[in-house]
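As C-alpha cells, the structure follows; a few thoughts come after it.
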Amino acid sequence: MKNKQLIIFDTTLRDGEQSPGAAMTKEEKIRIARQLEKLGVNIIEAGFAAASPGDFDAIYSVAGVIKNSTVCSLARASENDVRRAGEAIQPAMQHAQKNGRIHTFIATSKIHMENKLRMTPDQVVERAVQAVKWALEYTDDVEFSAEDAVRSDMDFLVRVFDAVIQAGATTINVPDTVGYSIPALWGERMQQLIARVPDSDKVIWSTHCHNDLGMAVANSLAAVMGGARQVECTINGLGERAGNASLEEIVMAVKTRRDVFNLETRIDTTQIVPTSKMVSSITGYPVQPNKAIVGANAFAHESGIHQDGVLKHRETYEIMRAEDVGWNANKLTLGKLSGRNAFRSRLGELGITLDGEEALNTVFARFKDLADKKSEIFDEDLQALVSDEFVSNTPELFKLVYLQVCSQTGEIPHAIVTITESGSEKRAEADGGGPVDASFKAIESIVNSGAELQLYSVNNITSGTDAQGEVTVRLSKGGRIVNGQGADTDIVIASVKAYLNALNRLYSKMERAHPQI
Ligand code: KIV
Ligand code: ZN
C-alpha cells in the first residue's frame with residue numbers, strides 16, 4: 001500500500017452495532033457489507049465472532065461473499081475469542097486475495113487494567129503478544145488495539161506496541177475509546193508513538209475515535225496528520241454511546257482538503273448517500289437533517305443571499321457537489337407498468353439480490369401495490385420495500401391483518417386493530433392521544449409486552465405528500481433494546497408495521513455479548 005493511501009476501516013457492523021437497538025441479522029449484515037464493498041471501503045469489520053453463534057455466522061457469511069474488501073472479526077485477547085475470529089474469517093482466506101483480518105485488543109490504561117481486567121501491566125503485555133501469535137495461526141493480517149489508549153501511559157503504550165509488532169502484528173490501532181481527547185493532543189500522541197516505537201515503519205498506524213465530546217472526526221483527522229494511515233469509522237457516525245467518527249465526514253474532508261492531507265482513499269463517494277440511507281433504514285437510526293454530507297439539509301440553501309450566490313456561482317457557498325456524494329442520484333426508477341424483469345434488473349443495479357423466486361415475487365407484489373398509490377417510484381422506495389422483505393426474516397410472531405383509525409376534530413382518536421399472534425387472529429380497540437397512540441394501545445392490549453417506548457420517529461423516504469413514510473420505533477424491556485421499522489404511504493400503517501416489527505424483534509432470540517466487558 002502506497003503511503004499516499006488512507007485506509008478506510010469500516011466498523012458499522014461491529015462498533016456501529018453496539019448502538020442501542022442496532023443489532024443486525026445476518027441478512028442485514030450481508031446487505032450492508034455488499035454496499036460497503038461497492039462504496040470501496042478497504043476493511044469491513046463484520047462483527048465480534050465470540051459474541052454469539054449468530055454473530056459468528058454473520059461474519060462467516062460476509063467473509064464468503066465479499067471479495068474486494070478485507071473482512072475482519074474483532075476478538076478480545078483470549079484464546080477462545082481469537083480462535084472463534086480465526087474460524088469466522090475462514091471463507092475470506094479461501095479467496096485468491098486471502099482477505100481476512102483478525103483484530104484483537106486489550107485495555108492498556110491503569111483504570112481498565114486494575115478495575116476491569118484485574119491484570120498487571122506485565123500480564124497485559126504477555127496476553128497481547130500471545131493473542132497476536134494465536135491470530136497469526138489463521139492469517140498474516142493481524143491488527144492490535146490498545147483499548148483506552150487515550151488514558152494509557154505513553155511509556156507503557158510504547159512497550160505494548162513494540163512487543164506486539166515484534167510478535168507479528170501488522171496494524172497498530174490507537175483508540176480513543178471514551179472520546180476524551182482533543183485534536184492537538186491526539187495528533188501529537190500519534191506522532192510520538194510513531195517516533196518512539198521501534199520498527200514503527202513496518203506497520204500501518206490506525207486510529208479509532210469515539211464522539212463523546214463531538215470531536216471524533218477532528219481527532220481522527222489530527223491522527224492522520226500525525227502519521228496514521230488507517231481510520232476506523234462508521235456510516236452516519238453510528239457506534240457505542242455518542243458514536244464513532246463518521247466515514248462520510250472523514251472521506252470528504254480528506255478529498256475536499258487534498259491540499260492539506262495529500263492523501264487518497266479508494267472510496268466511490270457517489271455511493272455515500274445510498275449507503276447512509278441503507279444503514280439508517282436497517283438500524284432504525286435516523287440521520288439528523290443538519291448532519292454534514294448525508295443530512296437532508298447538507299446541501300440546501302435557505303437564506304436568499306446564499307441562494308442568490310449559489311445560482312450566480314455555485315462555489316460561492318458550496319465546497320462540495322451534492323452529486324459527488326450521491327445526492328440526486330435517486331433516479332425515477334419504475335412505474336406501474338414496469339414488468340418483473342425490469343424490476344429484477346433495477347434491484348440488481350442497486351446491489352440487491354433476493355434469495356429465490358419466492359422472495360422476488362413477494363417484493364414485486366409489494367412494488368405493484370405501492371405503484372398503485374404512488375405514481376413515481378424511486379430507488380429509495382425500492383430499498384424500503386426490500387428492507388421490509390428482510391425485516392420479515394425476523395420470525396413474524398405478530399402480523400398486521402387489519403387497521404381502522406378514526407381521527408376527527410373534536411373527537412377522541414380511536415383505533416381498531418386485528419393482528420395474528422403465532423397464526424391466530426386477535427382483535428382489539430383503544431382510544432388514544434392520536435391515531436398512532438390509539439393503534440399502539442390497541443396492539444399492546446393484545447400483546448401485553450410491557451415494553452417501554454423509547455423512540456418514535458417518522459421520516460419521509462422521498463419528497464412529496466405521496467411519499468412513503470418510514471417509521472422507527474424503539475422499545476426496551478428488561479435491559480433489551482430493539483428498533484423496528486415500517487414503511488408505507490400511510491404513516492399510521494407504517495407506524496403499526498414498525499411497532500409490530502419491534503415486538504417481533506423483542507420476542508426473537510438475538511442475544512450478544514458485549515466485546516468491551
Ligand atoms: O473503542 C474501542 O476501543 C474499540 C476497540 C475494540 C477498538 O472499539
Ligand atoms: Zn470503539
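Indexing begins at 1, ligand by ligand and atom by atom, following the structure's order. All values derive from a computational prediction rather than experimental measurement.
The cationic atom of R474 (NZ for Lys, CZ for Arg) does not lie both less than 6.0 Å from the six-membered ring centre of Y456 and within 45° of the ring axis.
Near-neighbour remark for the Zn ion (ligand 2): protein N, O or S atoms under 2.8 Å are D15 OD2, H208 NE2, H210 NE2; waters not counted.
Minimum interatomic distance between V129 and A167 (heavy atoms only, all atoms of both residues): CG1-CB, 3.9 Å. Summarising the geometry of T177 relative to D148, their closest heavy-atom pair is OG1-N, 2.7 Å, with the distance given to 0.1 Å. Scanning all heavy atoms of the two residues, the minimum distance from R266 to V41 falls at NH2-O, 2.7 Å.
At least one N or O atom of T177, backbone or side chain, sits closer than 3.5 Å to an N or O atom of ligand 1. Considering backbone and side-chain atoms together, H208 places an N or O closer than 3.5 Å to an N or O of ligand 1. For the pair D15 and ligand 1, the shortest N or O to N or O distance falls below 3.5 Å. Annotation: H103 places no N or O atom under 3.5 Å from an N or O atom of ligand 1; distance criterion only. The shortest N or O to N or O distance between E232 and ligand 1 is not below 3.5 Å.
Within the structure, ring-ring contact (aromatic ring centres under 6.0 Å, His included) pairs that include any residue of residues 177-215 comprise F161-W205, H208-H210 (at least two apart or interchain).
For the side-chain contact (heavy atoms from CB on, under 4.5 Å) with R101, the lone residue among I44, T171, L74 that qualifies is T171.
Taking the charged nitrogens against the carboxylate oxygens, K38 and D268 have no contact shorter than 4.0 Å, which rules out a salt bridge. Checked for salt-bridge contact, E28 and R505 meet the test: a charged N lies under 4.0 Å from a carboxylate O.
Looking at R76 and F48, their side chains come closer than 4.5 Å, going by heavy atoms from C-beta outward. You'll find the side chain of R196 reaches within 4.5 Å of the side chain of M154, heavy atoms only. Using a 4.5 Å cut-off on side-chain heavy atoms (C-beta onward), C72 and F9 make contact.
Among protein heavy atoms, the minimum distance from atom 2 (C) of ligand 1 is reached at Q516 NE2, 3.1 Å.
Within ligand 1, counting atoms from 1 as listed, the ones closer than 4.0 Å to a heavy atom of E147 are 3 (O). Annotation for ligand 1: atoms under 4.0 Å from non-hydrogen atoms of P175 are 3 (O). Every atom of ligand 1 is numbered from 1 in the order shown, and the set under 4.0 Å from a heavy atom of H210 is 1 (O).
Residue contacts with ligand 1: E240 is excluded, as none of its non-hydrogen atoms falls under 4.0 Å. The shortest heavy-atom distance from R14 to ligand 1 is under 4.0 Å.
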